[in-house]
There are 2 protein chains.
Amino acid sequence: MCLPEKDSRRSLILETALHLFTVRGYFSTSVHDIRREADVSIGSIYHHFKGKEAIARALYDGLVGTMAQAMEEIAAAHGSAHDRCRAVVAHLYELTERCPEAMQFILYARHREFLPGEKPICSSRPFELMKEMVAAGIETGEIRVMAPVVAATSLFGGAIRMIYLRLDGALPGPLPDHLEETWQCAWRSVAAE
Amino acid sequence: MCLPEKDSRRSLILETALHLFTVRGYFSTSVHDIRREADVSIGSIYHHFKGKEAIARALYDGLVGTMAQAMEEIAAAHGSAHDRCRAVVAHLYELTERCPEAMQFILYARHREFLPGEKPICSSRPFELMKEMVAAGIETGEIRVMAPVVAATSLFGGAIRMIYLRLDGALPGPLPDHLEETWQCAWRSVAAE
DNA sequence: GTCTATACCACGATAGAC
DNA sequence: GTCTATCGTGGTATAGAC
């Protein structure tokens with residue numbers, strides 16, 4: 001449901017791997033664990049993927065890709081930095097509730113630890129798009145003139161921390177309940193007066 | 001220098017382990033790697049620590065402990081929520097520059113993946129103290145009346161994201177250069193009007 | 001494409017001399 | 001307290017039948 005792929009053996013393997021990677025961690029999950037949980041054979045797994053790392057890479061690329069696509073649709077659907085950024089936070093909150101495992105895999109895993117050569121998540125496409133939205137907002141005068149990095153971290157940092165808290169089980173209710181309050185704080189921190 | 005321990009074989013092992021855990025990751029670091037890098041014997045390592053996990057635990061407890069102590073000193077040294085929280089951010093920024101590996105180990109590692117039974121980092125003592133400072137600020141009227149979690153994430157979320165960026169090499173200059181700007185955004189987001 | 005069986009190796013941990 | 005040598009387990013990945 002959270003993965004872009006169609007029904008197939010391959011997608012079953014991916015779904016199972018995502019589940020195990022998030023609840024037990026990448027390194028604590030063996031290929032045999034995936035085999036058992038998905039009820040397929042080792043040979044089948046190695047037929048579809050070069051190895052364990054390739055499974056993680058396919059998951060990562062797929063999830064980051066759909067996330068970037070969502071960001072682009074948001075950017076196209078709204079006209080101001082305020083509306084765009086608010087829609088991004090709303091989207092991230094909903095995504096966290098709907099697909100906590102996907103969110104956890106993207107945000108919480110240290111990909112550089114098991115995906116050699118991968119750039120840090122904060123340099124990935126979705127995060128770059130968020131930075132661009134903020135930079136555009138500074139251009140138009142909606143957002144105070146300041147270092148773009150600082151503006152972006154101030155605007156999205158609180159929301160991202162809320163997501164971490166939620167994934168860690170440190171937040172009781174669903175995230176969208178806090179959308180209004182978090183967004184007002186976030187926007188207040190950078191809005192031009 | 002960042003670890004509380006005195007000079008000894010034991011502290012040498014801890015320092016080396018911290019270094020390797022942060023640059024290569026916990027699971028990608030074998031006890032033999034630590035042995036080679038520290039130029040000690042396997043036997044010596046297993047004499048001082050029960051195993052690899054015990055090394056990680058000693059590191060974690062030591063670093064979180066000194067961090068919590070610093071927070072308590074900050075709380076005692078300042079009278080208002082504003083001054084306390086600002087001092088916390090300044091301290092975290094300086095600590096990141098002085099001991100990036102320690103900071104990375106505390107913030108970036110998924111301890112629950114290799115320290116069974118450990119609660120999430122956001123529930124650890126230093127983070128609890130930060131939440132308490134914010135809650136006190138709401139009591140005194142310095143900070144808007146709002147859900148304490150939201151206030152805490154809004155106030156510290158931006159700074160924490162800046163630290164992640166810095167640790168990932170996505171921020172060129174040293175963090176303290178951005179202290180003033182980040183703090184003004186953070187405080188503006190929650191200050192009572 | 002899917003399966004079983006197995007090769008191979010690296011790792012954490014221990015034994016025991018000094 | 002420190003060392004060297006070694007063991008046993010469990011991991012990834014492959015071979016080859018169906």
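Convention: sequence-line order gives letters A, B, ...; per-chain numbering from 1.
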Do you know which two heavy atoms are closest between A:Ala68 and A:Arg125, and how far apart they sit?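 What the structure gives for the nearest pair is CB-CG, 3.6 Å.
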
Calculate the interatomic distance between B:Phe27 atom CZ and D:dG10 atom P; express it in whole Å.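 It is 16 Å, rounded to the nearest whole Å.
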
Is the terminal nitrogen or CZ of [X] (NZ for Lys, CZ for Arg) located under 6.0 angstrom from the six-membered ring centre of [Y] and within 45° of that ring's axis?
| X | Y | result |
| --- | --- | --- |
| A:Arg57 | A:Tyr60 | no |
| A:Arg110 | B:Tyr108 | yes |
| A:Lys52 | A:Phe114 | no |

Report which part of the nucleic acid A:Ser28 touches: base, sugar-phosphate, or nothing (heavy-atom distance under 4.0 Å, all strands). nothing

Do A:Ile143 and A:Trp187 have side-chain heavy atoms sitting under 4.5 Å apart?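 Contact flag for A:Ile143/A:Trp187 side chains = yes.
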
Within a radius of less than 6.0 Å around CD of B:Glu139, do more than 12 heavy atoms belonging to other residues, nucleotides or ligands occur?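 12 or below, so no.
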
Looking at DNA chain C, which of residues 32-46 of chain B put a heavy atom within less than 4.0 Å of it?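 B:His32, B:Ile42, B:Tyr46 - these, ordered by number, are the residues of the stretch whose heavy atoms sit under 4.0 Å from the strand.
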
Given the side-chain rings of B:His111 and B:Phe105, with only the six-membered ring counted for Trp, is the space between their centroids under 6.0 Å?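 For B:His111 and B:Phe105, the ring centres are under 6.0 Å apart.
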
Between B:Tyr26 and A:His47, who's closer to the 5' end of DNA chain C by nearest nucleotide?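 That would be A:His47.
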
Parallel under 30°, tilted from 30 to 60°, perpendicular over 60°: which one fits the rings of A:Phe27 and B:Phe27?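 Answer is parallel, since the angle falls under 30°.
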
Nucleotides bounding contact with chain B, strand DNA chain C, heavy-atom threshold 4.0 Å: C:dC11 to C:dT14

